[in-house]
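Down below is the structure, laid out as structure tokens.
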Amino acid sequence: MTTTGTDSGRIRLGTRGSRLALTQSGQVAEALMAAGAPSEGSDAGRDGLDIDLVTVRTDGDGDRTPLRQVGGVGVFAARLRHALLDGEVDLVVHSFKDLPTQRVEGLEVICVPPREDPHDALCARDGLTLAALPEGARVGTGSPRRAAQLLAARPDLEVVDLRGNVPTRLARVRGLEAVGVGTDEPVAPSRADATGDLDAVVLALSGLRRLGLEHCASEVLDLETMLPAPAQGALAVEARAGECSTALARAVAVLDDEPTRLAVTAERALMARLGAGCAAPVGAWAHLRGGDREPRALVLRAVVTSLDGGQEVGCELSTELPEVAGGPDTPGDSAAAVRAAQALGVRAAEVLLEDGAAEIVDLHANKPRRD
């Protein structure tokens with residue numbers, strides 16, 4: 001059998017080349033190495049983890065084609081997964097919202113670290129809020145979900161399609177091109193980007209925070225205005241199935257966050273049942289309620305919005321989670337809770353479909369278009 005990084009002690013962690021991807025992957029690598037380090041007083045022979053980052057160029061890097069045309073599902077994840085299956089790397093870190101819901105044979109998500117804030121953020125000129133933007137303001141986003149929810153709140157806005165990594169998008173906002181966000185492309189795009197031509201852009205608050213650019217947010221959008229993408233703010237650590245070393249398994253057990261895993265399980269089960277992908281105009285947010293002396297419940301809010309923002313179908317459902325007899329780390333209890341989360345997501349999707357979600361928008365519109 002071929003020796004892999006997980007067998008030899010050094011682990012190769014594959015990542016995209018953007019500043020955000022490198023930051024996220026570096027943070028996960030550091031957390032895994034810290035979690036897998038021998039504890040004080042442990043056996044002297046207990047090995048820790050050594051993780052090296054390996055940059056993998058993806059098909060989405062440097063491409064300015066709108067997501068709805070290139071096929072949003074897996075455009076950033078596919079190359080990383082090929083590198084993993086081909087043995088080029090031993091682990092990869094994905095932004096969970098970019099990961100297709102279909103399982104890939106031979107791969108498994110071995111760890112879901114604690115989730116960053118899933119809210120969306122408006123980054124506007126002059127510190128303006130969404131309500132304060134002038135009529136006809138130009139607001140950029142590459143997400144059909146954000147575009148639809150923006151138009152639902154402000155139908156007078158001009159929503160501008162844009163691509164590029166976080167600093168590149170911020171530089172499109174008048175006044176922000178000079179605040180030092182810089183450019184950030186692992187591969188140069190085929191044409192130069194405009195700068196300062198927009199009044200605002202909408203970005204994930206989690207990405208801004210991870211990059212230390214939260215000061216560029218003029219408003220954190222509330223969940224009534226904009227429900228995030230399923231699994232937004234969460235990361236997924238993926239590996240080849242059955243190739244987790246003892247040291248890595250020990251670290252994963254420490255870093256894996258049950259509330260995050262349950263929430264994103266419900267949100268992604270919703271997407272899978274809808275047959276939608278990461279470019280579909282679907283918002284979802286799940287969170288745990290209760291605990292300690294109260295029964296634990298998982299609550300899921302979801303919405304499908306027409307592309308023009310004129311129609312919306314939403315629901316909020318909850319499910320009581322199985323009682324945790326031996327603690328949340330008990331395998332049987334965890335598996336039962338995951339099944340409950342999956343069932344909640346499926347049920348919410350069926351409610352949306354029954355209420356006409358598929359009639360107000362083509363949920364499969366994220367597939368490549370051949371014009």
Side-chain angles (χ1 to χ4, degrees), residues 1-16 21-22 24-39 42-56 74 76-115 231 234-265 268 326-339 341-342:
M1 184 175 73
T2 303
T3 300
T4 68
T6 50
D7 295 324
S8 64
R10 293 203 73 83
I11 297 174
R12 300 161 298 169
L13 192 155
T15 175
R16 291 176 59 211
L22 288 166
Q24 291 176 166
S25 296
Q27 290 171 348
V28 169
E30 290 176 6
L32 285 172
M33 287 189 288
S39 58
S42 63
D43 294 338
R46 177 172 161 176
D47 294 327
L49 292 175
D50 289 310
I51 301 179
D52 299 318
L53 296 188
V54 177
T55 302
V56 177
F76 298 118
R79 177 65 185 93
L80 287 173
R81 284 178 148 177
H82 280 303
L84 190 53
L85 287 168
D86 292 344
E88 295 176 39
V89 297
D90 306 303
L91 297 176
V92 294
V93 173
H94 304 281
S95 289
F96 218 155
K97 72 181 179 67
D98 294 333
L99 200 60
T101 55
Q102 296 86 358
R103 185 178 177 275
V104 173
E105 189 68 29
L107 300 181
E108 62 179 336
V109 174
I110 62 169
C111 181
V112 183
R115 187 181 204 169
L235 302 176
V237 183
E238 195 170 38
R240 290 183 293 276
E243 292 195 17
C244 202
S245 69
T246 301
L248 182 58
R250 184 171 60 239
V252 162
V254 174
L255 188 59
D256 193 71
D257 184 64
E258 190 211 25
T260 299
R261 184 179 282 274
L262 294 177
V264 299
T265 294
R268 286 168 57 78
D329 295 329
T330 305
D333 294 323
S334 296
V338 167
R339 287 194 297 270
Q342 289 173 330

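A quick note: this is a predicted structure, and the numbers were derived from the prediction, not measured. As a basis for the values below, the full set of heavy atoms in this structure was taken, side chains included, without hydrogen atoms, waters or symmetry mates.
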Would you give the length of the straight line joining atom CZ of Arg268 to atom CD of Gln102, rounded to the nearest 0.5 angstrom? 9.0 Å
Once side chain to side chain contact (heavy atoms under 4.5 Å, CB included) is applied, do any residues pair with Val104, and if so which ones, sequence neighbours excluded? Arg81, Leu85, Leu107
Minimum heavy-atom separation for Leu99 and Ala77, please, with both atom names. CD1-CB, 3.8 Å
Got a donor-acceptor contact below 3.5 angstrom from the Thr15 side chain to the Ala21 backbone? yes
Which heavy-atom pair separates Cys244 from Ile110 by the least distance, and what is that distance? SG-CD1, 4.3 Å
Leu13 and Val89: side chain to side chain contact (heavy atoms under 4.5 Å, CB included), yes or no, with the steps? CA-CA 6 Å; Leu13 192 155; Val89 297; over 6 Å; no
Considering all heavy atoms, the nearest Gly14-Ser25 contact: O-OG, 4.4 Å
Do Arg250 and Leu49 have side chains that get closer than 4.5 Å, going by heavy atoms? no
Check whether any side-chain N or O of Arg240 sits under 3.5 Å from a backbone N or O of Asp86 as a donor-acceptor pair, and report yes or no. no
Search all heavy atoms of Leu235 against all heavy atoms of Phe96 and return the closest pair with its distance. O-CD1, 3.8 Å
Is it the case that the side chain of Glu108 and the backbone of Gly242 share a donor-acceptor pair, with hydrogens and angles ignored and the cut-off at 3.5 Å? yes
Please give me the minimum heavy-atom distance between Ser95 and Gln24, naming the atom from each residue. OG-NE2, 3.3 Å
Output yes when a side-chain donor or acceptor of Arg16 lies under 3.5 Å from a complementary backbone atom of Leu80, and no otherwise. no
Sub-4.5 Å side-chain heavy-atom contact between Ile11 and Leu248: yes
With a 4.5 Å limit on heavy-atom distance, are the side chains of Leu91 and Val28 in contact? no
With a 4.5 Å heavy-atom cut-off, do Arg261 and Asp256 have their side chains touching? yes
Are Arg115 and Asp257 close enough for a salt bridge, meaning some N to O gap below 4.0 Å? no
Can you confirm whether Glu238 sits close enough to Leu84 that some side-chain heavy atom of one is under 4.5 Å from a side-chain heavy atom of the other? yes
Search all heavy atoms of Ala341 against all heavy atoms of Leu262 and return the closest pair with its distance. CB-O, 3.5 Å
Can you name the residues that form a side chain to side chain contact (heavy atoms under 4.5 Å, CB included) with Asp52, not counting sequence neighbours? Arg10
Residues passing the side chain to side chain contact (heavy atoms under 4.5 Å, CB included) test with Ala31, sequence neighbours excluded, are Leu255
